[in-house]
Peer 1: 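Quick one: this structure, given as structure tokens, is what I'll be asking you about.
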Amino acid sequence: MKTLLFFGDSLTAGYGLPTAQAYPALIQEKLKEEGYEGYTVINAGISGDTTSSGLYRLDRWLSAPIDIFVLALGANDGLRGIPARETSQNLQQIIDKVKHKHPDAQIILSGMEIPDIVPGRYAEEFRKLFRELAIKNNVAFVPFLLEGVAGMRHLNLPDGVHPNAEGQKLLARHTWTILESVLKQGN
């Protein structure tokens with residue numbers, strides 16, 4: 001049995017929805033549909049998590065076997081205006097720890113963006129940090145996890161921030177596109 005660990009925040013946890021509607025659960029279904037029976041998906045998403053708190057809680061997950069590690073943190077950093085450099089350093093430390101403990105694990109980094117309406121260069125710096133980390137670490141990359149979902153009222157819960165069940169399907173689709181190529185490389 002191979003383990004696919006989703007390490008993220010409320011987007012991964014499926015905030016406001018039954019666990020079965022969160023995109024990691026949808027990925028588990030897709031794996032079965034596509035004949036990847038030997039994979040177990042673990043949803044390690046915690047609402048409100050920042051890259052800093054993710055780094056803090058990472059070690060408890062690293063003791064278990066991990067074949068594919070999906071890193072989907074950073075949205076809360078952006079919402080809180082945490083400096084892009086700090087977010088980047090935290091994500092790099094998470095990637096380093098995963099590579100050290102599980103050198104054969106495949107890593108997928110999910111990119112985040114914040115709206116360009118945020119004044120100054122922050123939105124651009126924030127967007128770039130994910131792509132730069134993916135290139136630097138030679139990891140698979142989902143360019144923007146919330147592509148087509150962010151700002152779309154019909155795809156989000158009434159809070160306008162968290163994807164509803166339909167929005168989670170798009171998160172799963174974006175992730176599956178990258179995950180499928182990682183799986184094919186592994187076979």
Peer 1: If every non-hydrogen atom of V149 is compared with every non-hydrogen atom of G167, which pair is closest and at what distance?
Peer 2: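 The answer is CG2-O, 3.8 Å.
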Peer 1: How close do T51 and I94 get, counting heavy atoms only, and between which atoms?
Peer 2: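 Shortest heavy-atom contact: O-CD1, 3.9 Å.
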Peer 1: Would I68 and V182 count as a side chain to side chain contact (heavy atoms under 4.5 Å, CB included) if you check the C-alpha gap in whole Å, the side-chain angles of each, and the deciding distance to 0.1 Å?
Peer 2: CA-CA 9 Å; I68 300 174; V182 167; 4.2 Å; yes
Peer 1: Evaluate I27 against T175 for side chain to side chain contact (heavy atoms under 4.5 Å, CB included), listing each step before the verdict.
Peer 2: CA-CA 8 Å; I27 292 291; T175 303; 4.2 Å; yes
Peer 1: Compute the centroid of each ring, for F6 and then for Y23, and state whether the two points are separated by less than 6.0 Å.
Peer 2: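 Yes, close enough.
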Peer 1: If you measure from CG on L55 to CD1 on I95, what distance do you get to the nearest 0.5 Å?
Peer 2: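 With rounding to 0.5 Å, CG (L55) is 11.5 Å from CD1 (I95).
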Peer 1: Quick one, V161 and N156 - any side-chain contact, counting heavy atoms below 4.5 Å?
Peer 2: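 Side-chain contact under 4.5 Å: no.
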Peer 1: Taking the hydrophobic residues Ile, Leu, Val, Met, Phe, Trp and Tyr, and joining any pair whose side-chain heavy atoms are under 4.5 Å apart, which ones share a cluster with L157?
Peer 2: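 Listed partners: Y15, L17.
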Peer 1: For W176 and V142, what are the C-alpha separation, side-chain angles and deciding distance, and is it a side chain to side chain contact (heavy atoms under 4.5 Å, CB included)?
Peer 2: CA-CA 9 Å; W176 177 256; V142 177; over 6 Å; no
Peer 1: Is any side-chain N of the basic residue among R121 and E125 closer than 4.0 Å to the acidic one's carboxylate O?
Peer 2: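 Yes, charged N to carboxylate O under 4.0 Å.
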Peer 1: Of all heavy-atom pairs between G48 and N76, which one has the smallest distance, and what is that distance?
Peer 2: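 Where G48 meets N76 most closely, the heavy atoms are C-ND2, 3.3 Å.
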Peer 1: With a 4.5 Å limit on heavy-atom distance, are the side chains of F130 and M112 in contact?
Peer 2: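 With C-beta onward as the side chain, the pair touches.
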Peer 1: Do F141 and I178 make a side-chain contact, defined as non-hydrogen atoms from C-beta onward lying under 4.5 Å apart?
Peer 2: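 With C-beta onward as the side chain, the pair stays apart.
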Peer 1: Restricting to non-hydrogen atoms, name the atom on A75 and the atom on D9 that form the minimum distance, rounded to 0.1 Å.
Peer 2: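 So the minimum-distance heavy-atom pair works out to CB-OD2, 3.7 Å.
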Peer 1: Taking the cut-offs as 6.0 angstrom to the six-membered ring centre and 45 degrees off its axis, would you call R57 and F7 a cation-pi pair?
Peer 2: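 Yes, R57 lies over the aromatic ring of F7.
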Peer 1: Find the distance between CG (D104) and NZ (K99) and round it off to the nearest 0.5 Å.
Peer 2: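 These two atoms lie 12.0 Å from each other.
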Peer 1: What distance do H174 atom NE2 and L146 atom CG have between them, rounded to the nearest 0.5 Å?
Peer 2: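 Rounded to the nearest 0.5 Å, the NE2-CG separation comes out at 7.5 Å.
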Peer 1: Looking only at heavy atoms, what is the nearest atom pair of G8 and T12, with distance?
Peer 2: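 Of all heavy-atom pairs spanning G8 and T12, the closest is CA-OG1, 3.5 Å.
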Peer 1: What I want to find out is whether E166 reaches K169 closely enough, with some N-O distance under 4.0 Å, to be called a salt bridge.
Peer 2: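 Yes.
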Peer 1: Set out, in order, the CA-CA distance, both residues' side-chain angles and the distance that settles salt bridge (charged side-chain N to carboxylate O under 4.0 Å, His left out) for E124 and R127, then state yes or no.
Peer 2: CA-CA 5 Å; E124 183 184 341; R127 183 181 309 114; over 6 Å; no
Peer 1: Tell me whether T50 contacts the main-chain N or O of S53 through its side chain, where contact means a donor paired with an acceptor under 3.5 Å.
Peer 2: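 Such a contact is found between T50 side chain and S53 backbone.
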Peer 1: Answer with yes or no whether the hydrophobic clustering places V139 together with L145; edges join I, L, V, M, F, W, Y residues whose side-chain heavy atoms lie under 4.5 Å apart.
Peer 2: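 Shared cluster, yes.
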Peer 1: So does L11 get a backbone contact from the side chain of Q168, meaning a donor-acceptor N/O pair under 3.5 Å?
Peer 2: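 Answer holds: yes.
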Peer 1: Tell me which one of D77, L73, L133 satisfies side chain to side chain contact (heavy atoms under 4.5 Å, CB included) with T87.
Peer 2: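 The single option meeting the side chain to side chain contact (heavy atoms under 4.5 Å, CB included) with T87 is D77.
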Peer 1: Check I66, L31, L183, T40 against L4 for a side chain to side chain contact (heavy atoms under 4.5 Å, CB included) and give me the one that passes.
Peer 2: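 Going through I66, L31, L183, T40 one by one, the side chain to side chain contact (heavy atoms under 4.5 Å, CB included) with L4 is satisfied by L31 alone.
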Peer 1: Atom CG of L171 and atom CZ of F144: how far apart are they, to the nearest 0.5 Å?
Peer 2: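 Atom-to-atom, L171:CG and F144:CZ are 9.0 Å apart.
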Peer 1: Counting C-beta onward and ignoring hydrogens, is there a side-chain heavy-atom pair between S181 and K184 closer than 4.5 Å?
Peer 2: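 In short, these two side chains do not touch, never coming nearer than 4.5 Å.
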Peer 1: Tell me whether L5 is reachable from I46 by hopping between hydrophobic residues (I, L, V, M, F, W, Y) whose side-chain heavy atoms are closer than 4.5 Å.
Peer 2: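 No; L5 is not reachable from I46 via cluster members.
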Peer 1: If you count heavy atoms of other groups shown closer than 6.0 angstrom to CZ of R153, is the number above 12?
Peer 2: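 Count not over threshold, so no.
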Peer 1: Quick one: closest heavy-atom pair of A22 and G14, and the distance?
Peer 2: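 Reported closest heavy-atom pair: CB-CA, 3.7 Å.
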Peer 1: So how far is it from M1 CE to Y39 OH, rounded to the nearest 0.5 Å?
Peer 2: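 The OH atom of Y39 is 11.0 Å from CE of M1, to the nearest 0.5 Å.
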Peer 1: Can a donor-acceptor pair be found, under 3.5 Å and without considering hydrogens, that links the side chain of D59 to the backbone of L62?
Peer 2: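 Checking the backbone N and O of L62 against the side chain of D59, no donor-acceptor pair under 3.5 Å is found.
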Peer 1: Is there side-chain contact between L71 and S110, with at least one heavy-atom pair below 4.5 Å?
Peer 2: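 Side-chain contact under 4.5 Å: no.
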Peer 1: Using side-chain heavy atoms (C-beta onward) and a distance below 4.5 Å, is E132 in contact with K136?
Peer 2: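 Side-chain contact under 4.5 Å: no.
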Peer 1: So, the side chain of Q28 versus the backbone of V41: is there a donor-acceptor pair under 3.5 Å, distance only?
Peer 2: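 Present.
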Peer 1: Would you compute the distance between atom CG of N43 and atom OG1 of T19 and round it to the nearest 0.5 angstrom?
Peer 2: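 The CG atom of N43 sits 7.0 Å away from the OG1 atom of T19.
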Peer 1: Quick one about D96 and Q92 (side-chain donor to acceptor, distance below 3.5 Å, no hydrogens or angles considered), yes or no?
Peer 2: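 Present: a donor and an acceptor within the cut-off.
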Peer 1: Would you indicate whether K101, at its atom NZ, is surrounded by more than 12 heavy atoms from other residues, nucleotides or ligands within a distance under 6.0 Å?
Peer 2: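 It does not: K101 NZ has 12 such atoms or fewer within range.
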